[in-house]
Amino acid sequence: MSSIAELLASRSSLAAVSDTPGLDVELLLAHCLDKDRSYLKTWPEREVGEQQQQQFAVLLQRRQRGEPIAYLIGSRGFWTLDLRVNASTLIPRPETELLVELALEKLADTALARILDLGTGTGAIALAIASENNHWQVLACDVQAEAVALAQDNGQQNKIHNVEFLQSNWFAQIPVQQFDLIVSNPPYIDPADPHLAQGDVRFEPRSALVAAGKGLADIRHIIQQAQAYLEPGAWLLLEHGYDQGPAVRELLHTQGYSAVATRQDIAGMDRVSLAQYPATA
Ligand SMILES: C[S@@+](CC[C@H](N)C(=O)[O-])C[C@H]1O[C@@H](n2cnc3c(N)ncnc32)[C@H](O)[C@@H]1O
């Protein structure tokens, strides 16, 4: 039998696939032991049972082949929430929290906001916004039935009851109504992007990542369709690639939106463009 400290030493076997091998082995071992990471630091000399050691060895091997940690342990933190993840959709990214921050900024004075999240995946954005004010009503959709079920499960696990999830191809199944804010992190990677063959994204579904037209087809569709669903003066917030800001702003201007702007993420990269449906049409 090996001790916790001995098993954590296997971090060196992840050096080629991960920028954070130490953190990765801690997360995997803590998951197998059903403890948090502080337990590992407190009890480094404790022996690990045979079955847990075997489970750890299997997960370590899968990580060595490049599988994302979040899929291996089945969860990822986002905003203040712990979300279940699976291979039906994207693992929520820290940079997407910018969309949540901007949504909260725009809704600060709206007591009873109605919000739409398109392409909800795990439900990350919808649930994070809804968790900040239980008087707001959030509707969230995804085209993948499995993602909708996952997002519903995440709502229940996090005890958030003001989000309704439904399966829809963008606006197709959304009953016509006016929202105070529409938010989306749609697929926006160019199918020819070489990064699709590298790192964690190799294991994520292309349906969550890739869009035709150099990655802009879904963004263009949302910008065109959203106007019928926005209150005059309401906001549309879209995540996009670091080099897509000018193209997205151009699409927003062409469709007659006002107050068009792009905001940068924590790494200083263009990440979210936003615009207002004209208050006086
Ligand atoms: C980049 S992921 C974002 C997931 C989640 N909102 C997040 O930020 O972590 C894009 C999501 O859009 C969904 N999607 C792709 N095409 C769609 C469509 N035509 N209609 C609705 N959702 C779609 C995918 O299934 C995926 O869950």
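Since the model is a prediction, treat every value here as computed from it, not as a measurement. These values consider heavy atoms only, across backbone and side chains, with no hydrogens, waters or symmetry-generated copies. Atoms within each ligand, like the ligands themselves, are counted from 1 in listed order.
Between the choices W170, F171, F78, the shortest heavy-atom distance to atom 17 (C) of ligand 1 belongs to W170. Of the options G119, A124, S168, P92, the smallest heavy-atom separation from atom 4 (C) of ligand 1 is shown by G119.
Salt-bridge formation is detected for the pair E204/R93: a Lys NZ or Arg NE/NH1/NH2 atom is positioned less than 4.0 Å from an Asp or Glu carboxylate oxygen. Salt bridge absent: D190 and K214 never bring a charged side-chain N and a carboxylate O closer than 4.0 Å.
Atoms OH and CG, from Y71 and D200 in turn, are 9.0 Å apart once rounded to the nearest 0.5 Å. Put simply, CG on D117 and CZ on F165 are 8.0 Å apart, with the number rounded to the nearest 0.5 Å.
Just one of R37, R62, R63 meets the salt bridge (charged side-chain N to carboxylate O under 4.0 Å, His left out) condition when paired with D24; it is R63. If you run side-chain hydrogen bond (donor to acceptor under 3.5 Å, both in side chains) between S273 and each of Q244, H240, R263, only H240 comes through.
Residue, atom and distance of the protein heavy atom nearest to atom 15 (C) of ligand 1 are S207 O, 3.2 Å. In terms of protein heavy atoms, atom 22 (N) of ligand 1 is closest to V143 N, 3.2 Å. Of the protein's heavy atoms, N169 OD1, 2.8 Å lies nearest to atom 19 (N) of ligand 1.
Under 4.0 Å from ligand 1, the heavy atoms of T89 that appear belong solely to its side chain. Proximity of T120 to ligand 1, defined as any heavy-atom pair under 4.0 Å, is confined to the backbone N, CA, C and O atoms.
Annotation: N185 places an N or O atom under 3.5 Å from an N or O atom of ligand 1; distance criterion only.
Residue contacts with ligand 1 include P187, since one of its heavy atoms falls under 4.0 Å from the ligand.
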